[in-house]
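On a predicted model such as this, the values are computed, not experimentally measured, just so you know. Each chain gets a letter, A, B and so on, in the order its sequence line appears, and its residues count up from 1.
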Amino acid sequence: MSQEHPSEADPYAVLKNNDSAFWADAVADAVEARNPEEPMVIKGGVSPSGIPHIGHPNEILRGYFVAEALRDRGREVRQVFTSDDRDRLRKLPRRLANLDGEIVGLGEIDAGALGRNLGRPYTDIPDPFGCCDSYGDHFTELLRRDMERLGVEVDFRSNTALYEVGAFDDVIRHVLANQDRAREVLARYQDQIDEEYVPFFAICEDCGQLTETITAVDLEADTVSYRCTDVETGGDTIEGCGHEGTTALRNGKLPWRFEWPAQWGILDVDHEPFGKDHAEGSWPSGVDIARNVLDVVPPVPMVYEWFTLEGEALSSSGGHVVTVDEVLDILEPAVLRYFFSKAPLKQRDFSIERIDQLVDEFDEFERVYFGETDAPERERVRAERAYPKVVEAVREKRVRIPYTFAAVLGMTDDPDLREEIARREGHVPDDAPEWAVEEALARVERARNWARRTGNEFDYELKRSAMPDVSFDEATEQALDELAEFVAEGHDGEAIQGEIYETAKRHDIEVADFFAAGYQLFFDDDEGPKLGPFLGKLDQQFVVERLRRKG
RNA sequence: GGGCCGGUAGCUCAGUCUGGCAGAGCGACGGACUCUUAAUCCGUCGGUCGCGUGUUCAAAUCGCGCCCGGCCCGCCA
């Protein structure tokens, strides 16, 4: 048995007492210090209770960075993720999502049918969308797809499947054979642990609910007897059916505080990151139970902080969530991975409104890695360690169009025009390889999605195919004709901008009103991007005809 | 009520381990340009490092007390 690591008493210790520029190296140090057998195992896990949101990747990406840090040292590492899908459904989520990530309210599915499954394991509940084998499989599949999009290779393991194939058999028998010891240790963390308490829940053969009232244990026959009684969950009561029966050990589960350390033993886990909610409840009891009931060595722990969304706590039940899928519509996977590479203990806000700041920060981080900008030593080292783990491939020739400029380019749908303007503005070097140009322009589409989603100051759409319905007074019409003439002579954007001003003055039109006329013609709006330079970048014939109100 | 984590410029964040000039980007403002507007370039502005206190030649950094936010201290996971 390996000796106790200081982090067992304090799961924050791993991240605090270290001088690594990149936190994952500190965790990797702690993992290596235990001399684990290879492949080393890094685990995460959650219950598939509903739509996976932007907080869930913490559970996998934190471990991913540690895995990569260990691989840098030549270690073989496997990442596993348990879908804790034998947990019971405790309450109905307000919103669900189909496999395409489209969110639907409870009202759009058969909520009554779903509600009759309260208290049953997720894997025993029919998929409300009818596409997967169960409710649990459905939401696990959504998370699996998110991880695929993020490009992290993880071995998903169904907890239910582990029970069914007997992976838990030995540990369940051990716990049930040493119930006094189990109760004694658990009682240090939970009240109401009396002689009647049996650390095992059975699935009622009549109604399918997980019941906690175990009346007898027969380790010769590998069965337990139970009475299906009411279950209290967070103030609500799920009624039991009263059935009394006897069922196999594989047809049940360990309570969480035993199940977690049992997973460590079964999967031979060397490291596991977890949210701060586990740091003071489950972790200490998990260590105690692992050491003193199961004879299992706890993994190296790491606590990560939760982050907020637009300044407020994420809330699945309250609907204040954003999915990985939605986020990847507006930024590259590398940027999202970058977000999760930052110090785990800082409380951070994830803001869609200001996502441009995150992207800018990533671009700068990338420049630091390639030595294209000055940076303090510590930041340089961090970039050196973290950057290769954040991107799909380290390629110095990559091209990044600044995010807000990409949003400006997104005002036109024309891909050729987007590229032409980007090149003219110097955001795409002449010698940029084709793949780099393609990827750079992909950001334009994402920035466009962002502008549209937030309805921000970049959310303008060039009305190219059809002229908006407009009418102007005579002076304005004459001024527009003159401006058309000027554009037809061939001037650059700066000159056009000046001429807009001049033309307005000549016709005694308020400058602001004349700009507004231009915005109406091109954007069907009263405001928009800086008009002269924007028109200067469009093709001249189109601009001239539009100014003449000829389509 | 007790414990844990966080709090640094308007915003997003480095820096805190190991005390040594308060930092970056974005932003705002002014200019480059007869110009209300994105981008580009130049310049300027920007701080009670949550508050107080102790230690020290020296504190964002170490100690103590407090404030604010999140989480844990029932059950569940």
Side-chain angles (χ1 to χ4, degrees), chain A residues 10-12 15-21 26 45-47 49 84 86-88 90-91 189-192 201 210 212 231-236 255-257 259-260 274-284 303-308 311-313 339 342-351 353-361 363-365 367-368 373-379 382 401-411 421-422 424-427 457-458 460 493-502 504-505 510-512 515-516 518-519 527-534 537:
Chain A
D10 175 11
Y12 291 96
L15 289 176
K16 286 199 291 194
N17 310 315
N18 82 92
D19 61 351
S20 300
V46 298
S47 306
S49 56
D84 296 331
R86 187 155 269 196
D87 296 351
R88 73 174 126 234
R90 295 193 298 150
K91 61 178 180 184
Y189 307 92
Q190 273 183 211
D191 298 337
Q192 300 166 0
F201 303 154
L210 276 164
E212 301 175 4
V231 174
E232 303 285 336
T233 74
D236 296 330
W256 165 249
R257 284 178 192 268
E259 188 176 74
W260 196 23
F274 46 84
K276 63 171 172 184
D277 54 329
H278 286 322
E280 289 183 85
S282 310
W283 175 255
V303 183
Y304 58 83
E305 261 293 337
W306 292 354
F307 53 85
T308 52
E312 286 180 39
F339 183 74
K342 294 161 59 139
L345 280 178
K346 279 275 199 178
Q347 291 176 4
R348 278 170 218 288
D349 186 46
F350 189 87
S351 172
E353 295 285 331
R354 294 190 300 268
I355 207 75
D356 54 312
Q357 289 191 358
L358 178 65
V359 180
D360 286 348
E361 198 184 306
D363 289 354
E364 175 71 5
F365 168 70
R367 285 190 292 271
V368 169
T373 183
D374 291 335
E377 171 72 7
R378 195 180 167 83
E379 276 179 43
R382 180 170 39 230
I401 298 172
Y403 195 77
T404 53
F405 187 74
V408 173
L409 293 179
M411 292 176 194
I421 298 173
R424 209 181 304 158
E425 293 300 301
H427 292 302
E457 72 266 35
F458 300 102
Y460 300 108
E494 294 298 319
I496 296 171
Q497 181 76 6
E499 183 62 17
I500 293 171
Y501 183 87
E502 287 300 312
K505 281 205 289 198
E510 286 290 329
V511 172
F515 270 102
Y519 292 128
E527 47 185 26
K530 190 167 181 177
L531 197 53
F534 191 86
K537 286 160 196 156

Integer angstrom distance from the [atom1] of [N] to that of [M]:
{"N": "B:rC11", "M": "B:rC5", "atom1": "C1'", "value": "23 Å"}
{"N": "B:rC29", "M": "B:rC67", "atom1": "P", "value": "39 Å"}
{"N": "B:rU44", "M": "B:rC49", "atom1": "P", "value": "24 Å"}
{"N": "B:rU40", "M": "B:rC71", "atom1": "C1'", "value": "46 Å"}
{"N": "B:rA60", "M": "B:rG20", "atom1": "C1'", "value": "13 Å"}
{"N": "B:rA58", "M": "B:rG65", "atom1": "C1'", "value": "23 Å"}
{"N": "B:rG43", "M": "B:rA24", "atom1": "P", "value": "13 Å"}

Quiz prompt | Backbone of A:Leu210 reached by a side-chain donor or acceptor of A:Arg88 within 3.5 Å | solution =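 Present.
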Quiz item: When you measure from the side chain of A:Arg348 to the backbone N and O of A:Trp306, does any donor-acceptor pair fall under 3.5 Å?
Solution: no
Self-check item: Donor-acceptor pair under 3.5 Å, A:Tyr460 side chain vs B:rU37 base
Solution: no
Quiz item: Looking at B:rA77, does its base get a donor-acceptor pair with the side chain of A:Ser282 below 3.5 Å?
Solution: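 Looking at the base of B:rA77, it does pair with a donor or acceptor on the side chain of A:Ser282 (distance under 3.5 Å).
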Under 3.5 Å, N/O pairs linking protein and nucleotides 3-14 of chain B:
| residue | atom | partner | partner atom | Å |
| --- | --- | --- | --- | --- |
| B:rG3 | N2 | A:Glu280 | OE2 | 2.3 |
| B:rG3 | N3 | A:Glu280 | OE1 | 3.4 |
| B:rC4 | O4' | A:Glu280 | OE1 | 3.4 |
| B:rC4 | O2' | A:Tyr12 | OH | 3.2 |
| B:rC5 | OP1 | A:Lys16 | NZ | 2.1 |
| B:rC5 | O2' | A:Glu305 | OE2 | 3.3 |
| B:rC5 | O2' | A:Leu345 | O | 3.4 |
| B:rC5 | O2 | A:Gln347 | NE2 | 3.2 |
| B:rG7 | OP1 | A:Lys346 | NZ | 2.3 |
| B:rC11 | O2' | A:Arg354 | NE | 2.9 |
| B:rC11 | O2 | A:Gln357 | NE2 | 3.4 |
| B:rU12 | O4' | A:Gln357 | OE1 | 2.5 |
| B:rU12 | O2' | A:Glu361 | OE1 | 3.4 |
| B:rC13 | O3' | A:Arg348 | NH1 | 3.1 |
| B:rA14 | OP1 | A:Arg348 | NH1 | 3.3 |
| B:rA14 | OP1 | A:Arg348 | NH2 | 2.8 |
| B:rA14 | O2' | A:Glu379 | OE2 | 2.9 |
| B:rA14 | O2' | A:Arg382 | NH2 | 3.4 |

Watson-Crick or G-U wobble partner for [N], using a 3.5 Å limit on both distances?
{"N": "B:rC33", "result": "none"}
{"N": "B:rG54", "result": "B:rC62"}
{"N": "B:rU12", "result": "B:rA24"}

Exercise. Could I get the full list of side chain to side chain donor-acceptor pair (under 3.5 Å) partners for A:Glu312, not counting sequence neighbours?
Key: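 Scan of A:Glu312 (side chain to side chain donor-acceptor pair (under 3.5 Å), adjacent residues dropped) gives none.
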Self-check item: Side-chain heavy atoms of A:Phe339 within contact of A:Glu361, under 4.5 Å
Solution: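 No, side chains not in contact.
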Quiz item: Can you tell if the side chain of A:Leu358 reaches within under 4.5 Å of the side chain of A:Phe350, non-hydrogen atoms only?
Solution: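 Heavy-atom side-chain distance check passes, below 4.5 Å.
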Practice problem: Please round to the nearest 0.5 Å and tell me the distance separating atom CD1 of A:Ile500 and atom CG of A:Leu531. | Solution: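 Spacing of CD1 (A:Ile500) from CG (A:Leu531) equals 4.0 Å.
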Practice problem: Between A:Glu364 and A:Ala516, name the one whose nearest nucleotide on RNA chain B is closer to the 5' end. | Solution: A:Glu364
Quiz item: Taking for each residue the nucleotide of RNA chain B bearing the nearest heavy atom, is the 5' side occupied by A:Lys505 or by A:Val408?
Solution: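 Final value for this comparison: A:Lys505.
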Quiz item: Under 4.0 Å between a side-chain N/O of A:Gln497 and OP1 or OP2 of B:rU34, yes or no?
Solution: no
Exercise. Walk me through it: do A:Trp283 and A:Val303 pass the test side chain to side chain contact (heavy atoms under 4.5 Å, CB included)?
Key: CA-CA 10 Å; A:Trp283 175 255; A:Val303 183; over 6 Å; no
